[in-house]
Amino acid sequence: MEGQEHLRDLMSSILIGAAEEGRTAISLMTSSPSLEISGFRERNYMGLSDCSSVDSSTISSLSEENKSTFNLSSTELRLGLPGSRSPERSQELSLLSSGRLEKPLFPLLPMKDSTYLSSQKTVVSGNKRGFSDAMDGFSEVKSTVYNEGNWMFPASGSDSETAQSVAQGKLHVNSSVKSVALKEHSGVENATVKEITHPKVSSDVNRNQISPANNISNQPAAKAQVVGWPPIRSFRKNTLATTTKTSEEVDGKPGPSALYVKVSMDGAPYLRKVDLNTYYDYQELSLSLEKMFSCFIIGQSGPHGAPGRESKHRDLLHGSEYVLAYEDKDGDWMQVGDVPWDMFIDSCKRLRIMKNSDAIGLENVNEICRDDSAAPVKAQTIDELHSLQKKKSAPNSPRIKQKAGDGLFSSAILDQEDRQKQQLKSISASLASLTRETGPKVVKGDPSTKKPESPKAAISHHQHFTAPAVPVTDSALKFIHILYNLSPAELYEQAIKYEKGSFITSSGALATFSGAKTGRSPRDKRVLKDKSTEDDLWWGKGSPNIEMDEHTFTVNRERAVDYLNSLDKVYVNDQFLNWDPEHQIKVRIVSARADHSLFMHNMCIRPTAEELENFGTPDFTIYNAGQFPCNRYTHYMTSLTSIDINLSRKEMVILGTQYAGEMKKGLFGLMHYLMPKRQILSLHSGCNMGKDGDVALFFGLSGTGKTTLSTDQNRYLIGDDEHCWSENGVSNIEGGCYAKCIDLSKEKEPEIFNAIKFGTVLENVVFDEHTREVDYTDKSVTENTRAAYPIEYIPNAKIPCVGPHPQNVILLSCDAFGVLPPVSKLNLAQTMYHFISGYTALVAGTVEGVKEPTATFSACFGAAFIMLHPTKYAAMLAEKMQLHGATAWLVNTGWSGGSYGSGSRIKLPYTRKIIDAIHSGSLLNASYTKTEVFGLEIPNEVEGVPSEILHPMNPWSDKQAYKETLLKLAGSFKKNFEVFANYSIGKDSSLTEEILAAGPIF
């Protein structure tokens, strides 16, 4: 009771003082960066106003009894570490003085219903210091009920400006003014006071002051008090912690509770708490948090943490080096602003102001409320606008070596235009007719594009050149546009726009159609026989080289060149063969189709920009006229197709076929001629290397699994088809892979399947007309479906494609008779015998006219491509194997348990287990059994392979049929080798006899 009486006396004195004053000066603080605060000034942190506005005489007028009850020392801001007792302040800074209390410490604003308006809310109690917990004399007030009305919020600004506003009696009001009605639950009737007014308040302001009785539930909750260290300046404080209760709460119904969340900042030594219910939107929250941490965000502070003169507040959501993020209920960190406000306050657990560099990976980083507007594009026409999309490449400029007397430091750079002119001159010379002195006039670029206006336009890949003045004739008016070393994307555009049968598949590969020819035409291949090749090349029975004379080659060359010159545009590729830089060959391919250009782009080694500028004259040139046929009345021609090679001129002509593989194999034939002359063994083989540097060669014809087995995810791929073995080791001839696609699946051959993507050329595949998904099992067009892709598309490809000397040589055969073992070890003589024989099954579709697997022999596992006698390649192989200690193996990837049609093909996983055992060296330590007839050594056990299939006779149900089939195949071997028996190897032919003895004996 005594406490209540003291309270009533105190409140009466406060109200009387307010009534006597007649006017109450309340100011809203506004931002004033130009003002700095010097020294300490007492603040009324509970009332959010300067204590200087309270006259000290008002306090002195209180009775001694009220003074003892009204403990104003608890309202003072105490300095010191959190949780510690602050030292007593000096008398000069104390709230108590000898003056009379004329103004209330906590002024109440009158409402229209004669209730009191308070500028403060219930005091927060807690251990964290920042404000006083509660006044001792106000212990009974803790049960007081406050209704939310029009609350007066201070805006940001300097304290000196606030004090000045109070002293001048100015009142700044805005539309966010709020009030709280004080009603005592103990039954004390509300006193009536005069309504506080000010003559300078505008009518607009008065209209914004909506009656609290009508809008009590529409106002947002009061801003929460912020606690922490250092002390918070009054213009950065939120209001008291207890949220205003709505009319429903007054009636006993529960109302909304405060949503306190912790706020941390990278680099700040303290945390703070805010009530999300006190904010309207993201913008208000961002600005408020920035003010709280302004001394860290801005970096320049005035006294007491206030921003300095030159500092500017930067919204955390716009352009700051900090990002405002929050942790949601799922524990994920998101950037503030990615969801609607109501959803955000429901899911937010805590806030963090983090640096932009640490915010990588957050959702919606730097995309909140951005202004995406930009300056308009500087283009007058749609053509100019499209021209801005293409950026010209900046080719490297090779420097010319200086001659003596040119100066020590001077260096001349080839002019770009002159260099391009030299390049065009070289291409024109390649297209020159043998009956004319000069070649055709050529320009670079697509004829469908606009020609440059100036005749001196710079030469580039995408521009045309105005021709010099020439006599007005039909031939002089004709220009050939050269599309030179286009990128895959450019070739895609050309193929899809101009070539029927070109499509983009769902994987991004370019599907093409090769026309009537879906395989190579070995019977139409011709080689010029002259004095330089008459003695070097392999001619006669069994040889793939069908001779032609120089006149016939000239006729076909003129026919192909004239056709290419008649076109508006041709595609020119300048590339390399052989990854060994000491033995590299420069090749030029002139073709009529974009897909042929892309095919060779993938299959040959792609030059760098600098290498292209220094390319010069090629070592070998291919003229691919594609579908344009040869003249059947020409001597040596047997069909409309002709593939002609002139080793003296180092040229190749293709007529009457669009099968791209002819170019690839034509260049391989060239390497089979040039490399042995340099004592380098050219090999039709795949090659890979283990992590320990062990290299294995895979010999085999198409369909034997050479590409599949050499592409091993556990080993580095050097190449899949063509290699050279020199004194430096092995090197890949090509820059890509040419894999069969029939029955391809991701499960069986994941590396090849995944390599079929943008840039890959798919030949003759069938795909869904709508989804463009390829059906690799469909043989409607041909079984010889192929994929040509750069070797870099294989993840474990070794770049550059070179390796040390091989340790294992694996001869792959697809035995259609089912009598050869899955694996057998060979001695040196057996290696040469089977290498020269090259037995396999010609898989359907690989060669035109073959509809089912047929037993065949192909010398050196590539008779269609070799130029010299097979024994020369075999002798070089034996020499290198003996020199470097390599071991040879014969692996059958064909049939087991019967011939084709009755038996079954050996499973690919079994073959892979055998290859793994060869790589690991475990087969060298296995026990072996020697077979009859062929005398092959068969391992008795291979890990992961059923032992019953290791001996070829075991899976056969009819043993007698097996023996008959075995003798039949042995007779085929003997008959095939008769061609080579009369050719002496070595000085005394002793090696020839040793090789013959290594064949089948029966």
Side-chain angles (χ1 to χ4, degrees), residues 420-434 436 438-449 451 459-465 467 474-488 490-500 502 510 512 514-515 556-575 586-604 607 612 615 617-618 620-630 643-644 651-660 662-663 666-667 761:
Q420 294 284 5
K421 286 181 179 179
Q422 291 177 9
Q423 195 176 68
L424 288 175
K425 185 178 180 181
S426 174
I427 296 174
S428 177
S430 296
L431 290 170
S433 169
L434 297 181
R436 294 188 294 269
T438 60
K441 296 178 176 61
V442 295
V443 293
K444 276 191 177 180
D446 191 339
S448 63
T449 60
K451 294 185 179 181
I459 295 175
S460 70
H461 288 242
H462 306 286
Q463 289 183 324
H464 304 287
F465 309 101
D474 290 344
S475 59
L477 293 176
K478 179 69 175 67
F479 289 90
I480 304 173
H481 291 79
I482 304 299
L483 301 181
Y484 183 69
N485 274 58
L486 297 187
S487 67
E490 293 173 307
L491 292 170
Y492 263 57
E493 295 171 0
Q494 292 288 325
I496 294 171
K497 188 174 181 179
Y498 300 110
E499 296 171 5
K500 188 175 180 179
S502 297
L510 180 66
T512 64
S514 65
N556 285 348
R557 181 189 184 279
E558 289 294 290
R559 190 171 179 85
V561 169
D562 286 343
Y563 170 74
L564 292 172
N565 289 340
S566 70
L567 301 176
D568 290 334
K569 59 184 177 183
V570 295
Y571 301 88
V572 177
N573 291 39
D574 281 349
Q575 296 179 264
K586 297 185 294 182
V587 295
R588 173 171 292 167
I589 303 98
V590 184
S591 57
R593 290 174 57 101
D595 65 297
H596 286 171
S597 180
L598 180 58
F599 177 90
M600 296 307 293
H601 170 87
N602 292 343
M603 296 311 302
C604 295
L612 201 58
F615 193 82
T617 303
F620 195 82
T621 303
I622 294 179
Y623 302 96
N624 187 356
Q627 62 182 349
F628 191 75
C630 66
I643 299 96
D644 308 325
E651 292 178 342
M652 177 179 178
V653 175
I654 300 176
L655 291 165
T657 177
Q658 298 181 78
Y659 183 67
E662 295 287 7
M663 295 182 289
L667 291 177
V761 178

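Fair warning: this is a prediction, and the values are worked out from it, not measured in the lab.
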Closest heavy-atom pair, Ser514 versus Gln658, reported as atoms and distance to 0.1 Å, is O-CB, 3.4 Å

Give the intermediate values and the outcome of side chain to side chain contact (heavy atoms under 4.5 Å, CB included) for residues Met652 and Leu667.
CA-CA 9 Å; Met652 177 179 178; Leu667 291 177; 5.8 Å; no

Between CG of Asp644 and CZ of Arg557, what distance do you get to the nearest 0.5 Å?
12.0 Å

Look up atom CD1 in Ile622 and atom CD in Glu662, then write down how far apart they are to the nearest 0.5 Å.
10.5 Å

Does Leu510 form a side chain to side chain contact (heavy atoms under 4.5 Å, CB included) with Ile496? I'd like the steps, not just the answer.
CA-CA 9 Å; Leu510 180 66; Ile496 294 171; 4.2 Å; yes

Determine the minimum heavy-atom distance between Ala625 and Leu655, stating which atoms define it.
CB-CD2, 3.6 Å

Where do Tyr571 and Gln494 land on the side chain to side chain contact (heavy atoms under 4.5 Å, CB included) test, with the steps shown first?
CA-CA 10 Å; Tyr571 301 88; Gln494 292 288 325; 3.1 Å; yes

Using every non-hydrogen atom in the two residues, find where Leu612 and Asp574 come nearest and quote the distance to one decimal.
CD1-O, 3.7 Å

Where Ser428 and Pro440 come nearest, the two heavy atoms and their spacing
OG-O, 2.6 Å

Is any side-chain heavy atom of Met663 closer than 4.5 Å to one of Met603?
no

Measuring from atom OH of Tyr659 to atom NE2 of His596, what distance do you get when rounded to the nearest 0.5 angstrom?
10.5 Å

First locate atom CG of Asn624, then atom OG1 of Thr657, and finally report the distance between them rounded to the nearest 0.5 Å.
8.0 Å

Residue pair Thr512 / Arg593, side-chain donor-acceptor N/O under 3.5 Å:
no

Minimum side-chain heavy-atom gap Leu486-Leu598 below 4.5 Å:
no

How about CD on Gln627, more than 12 heavy atoms from neighbouring residues, nucleotides or ligands closer than 6.0 Å, or not?
no

Within this structure, what is the CG-CZ distance for the pair Asp568 and Phe479, rounded to the nearest 0.5 Å?
12.5 Å

Does the Ser597 side chain pair with the main chain of Ala594, one donor and one acceptor, at a distance under 3.5 Å?
no

Can you find a pair of side-chain heavy atoms, one from Val572 and one from Ser430, that are under 4.5 Å apart?
no

Going through the distances and angles, do Ser502 and Tyr492 end up as a side chain to side chain contact (heavy atoms under 4.5 Å, CB included)?
CA-CA 9 Å; Ser502 297; Tyr492 263 57; over 6 Å; no

Identify the two heavy atoms, one from Glu651 and one from Phe620, that lie closest to each other, and give their separation to 0.1 Å.
N-CE1, 3.4 Å

Nearest 0.5 Å, please: how far is CG in Leu431 from OG1 in Thr621?
9.0 Å

Kindly give the heavy-atom pair with the smallest separation between Phe615 and Arg588, and that separation in Å.
CD2-NH2, 4.4 Å

